[in-house]
Amino acid sequence: MSEARKRKLPQTRPSLALFIPDDGEDDDVACDLSASMTLPEFYEAYVLPVCRVAAGRDKKTVLLEKTAMRFWRKLSGNPPLHSIDENTMATFVNQYRQCPGKYGELVSPNSVRKQCRMIQHILDHAGPKTRRRRNAKSLIPEPPCFPLVEAVETKRPALTLDEIARWWDASDRPSRPSNLTPTQRRKWWRALITFAYNTALRIDTVVQLEKTMLGADGWLSVPARILKGHRRDWEFYCNEQARSAIESIWHFGSSLIFPWHTGDKPAKPDALQDERKKAWEAAGIQRKHNGFHGMRRACLDWVGCRNVIAARFIAGHAAAGDVLQGHYMNPRTIVPEYLDILPQPVRSTADKDQMLLPGF
């Protein structure tokens, strides 16, 4: 068994331990497309190379789909395409519902729903061509559908300004980036916290931002390749606090704004979250289902209560094709009006009413 298959899986994904490939298990690759193939074989032989790699889809999407294929292989019995029916789909759903989730209980309905949608999307490529799926292969007459799995509302509250301030104060607890001195590391984390809150950018995007993306006018021109969905480039505004945070670590010697390792490698989200938890434990912050995203929520909650369209622009959610947002409203006019007056967390020390988080 290869070293990659021997490594221990993260504890946050206990159900994946059920789906490590067995010794001697063949890769799902077949030469000729036919209805006698299994769904994982069809994915590896056609969907992956033609509809994912050649189309330039994100590597994270591919990893998620490969995980979904492992679930399918173990829980459905992995029948050939022509034998898949509604009973097969129901069996998969019922078996998956019994898998362990991230926090000790059973897997959530939303996780079941996500895996079903991903598998359904792959299976549809084996069905007839349609206007929405012109690259389907017509190997089976009509792909069966999963039983409807209702989504569960999981809206998580935003971090409070007091929690963000306590996190900022505990920024000396993380031990990474390991190539920085303790003083530099504390400054790096304080800059990251201040920047992430004031821009509402997703952390996966923040750690991939390059210095060349920042304009002299304070706007970040972010390419689609590091944005969720990878649909289009977008511009994000940096207010005074965000710009000051960037300036405080600009000299750290990297093409990345927030260098995580030498060699300009972006931070791995799992490692970054591990370091964040150290600071949260020291700060007494207990949010079971929250993390960096809580700061994005805090910013967007405040702006959204005042101007929903401005919040859409800040979040990068402005609807494509919307005439009002796309042609009549200018984010460069609307967004600064709100981010420039965004309330800042206060330090959890004496005279806290006067001590706003500095822009370094």
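In this chain, residues are counted from 1 in sequence order.
A side-chain donor-acceptor contact under 3.5 Å links Lys278 and Ser175. Checked by atom type, the side-chain pair Thr91/Thr88 shows no donor-acceptor distance below 3.5 Å. Residues Asp340 and Tyr237 have side chains that bring a donor and an acceptor to within less than 3.5 angstrom of each other. Side chains of Arg276 and Gln273: a donor-acceptor N/O pair is present below 3.5 angstrom, by distance only. For the residue pair Asn198/Gln344, the side-chain donor-acceptor check at 3.5 Å is satisfied. Using modelled atom types, one finds a donor on one side chain and an acceptor on the other under 3.5 Å when comparing Gln120 with Asp124. Donor-acceptor pairing under 3.5 Å is lacking for the side chains of Thr183 and Thr181.
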**Request:** Check the pair Arg166 / Leu159 against side chain to side chain contact (heavy atoms under 4.5 Å, CB included), numbers first and verdict last.
**Result:** CA-CA 11 Å; Arg166 284 188 281 135; Leu159 289 176; over 6 Å; no

**side chain to side chain contact (heavy atoms under 4.5 Å, CB included) between Ile119 and Phe146, intermediate numbers included** = CA-CA 9 Å; Ile119 294 170; Phe146 281 101; 3.8 Å; yes

**Prompt:** What's the verdict on side chain to side chain contact (heavy atoms under 4.5 Å, CB included) for Glu86 and Cys145, showing C-alpha distance, side-chain angles and the deciding distance?
**Reply:** CA-CA 6 Å; Glu86 280 75 11; Cys145 296; 5.8 Å; no

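Proximity of Pro336 to Trp219: side-chain heavy atoms (C-beta onward) are separated by under 4.5 Å at one or more points. In this structure, the side chains of Trp260 and Glu275 come closer than 4.5 Å at one or more pairs of heavy atoms. The closest side-chain heavy-atom distance from Leu209 to Leu220 is below 4.5 Å. When side chains are defined from C-beta on, Arg296 does not count as touching Tyr197, because their heavy atoms never get closer than 4.5 Å. Contact check for Val206 versus Ile257: no side-chain heavy atoms found under the 4.5 Å cut-off. Looking at heavy atoms from C-beta onward, Arg52 lies in side-chain contact with Val47 at the 4.5 angstrom threshold. Considering only heavy atoms from C-beta on, Pro144 comes within 4.5 Å of Leu123 through its side chain. Within the 4.5 Å cutoff, no side-chain heavy atoms of Arg97 are placed close to those of Leu106.
Using a 4.0 Å cut-off between charged nitrogen and carboxylate oxygen, Glu235 and Arg332 count as a salt-bridge pair. Under 4.0 Å is where a charged nitrogen must lie from a carboxylate oxygen, and between Glu65 and Lys114 no such pair does.
A cation-pi arrangement, defined by a distance under 6.0 Å to the six-membered ring centre and an angle within 45 degrees of its axis, is absent between Arg190 and Trp188. Cation-pi geometry between Arg287 and Trp280 is not satisfied (NZ or CZ under 6.0 Å from the ring centre, within 45° of the ring normal).
In this structure, Met118 is not a member of the same hydrophobic cluster as Met89, with clusters built from ILVMFWY side-chain heavy atoms closer than 4.5 Å.
Between the side chain of Lys129 and the backbone N or O of Ala136, at least one donor-acceptor pair lies under 3.5 Å. Side-chain atoms of Trp189 never come within 3.5 Å of backbone atoms of Ala279 as a donor-acceptor pair (strictly under, hydrogens ignored). Distance alone, capped at 3.5 Å, is enough to place a donor-acceptor pair between the Gln208 side chain and the Asp204 backbone.
Heavy atoms from other residues, nucleotides or ligands lying under 6.0 Å from CZ of Arg133 number more than 12.
The minimum heavy-atom distance linking Pro259 with Pro177 is given by the pair O-CG, 3.9 Å.
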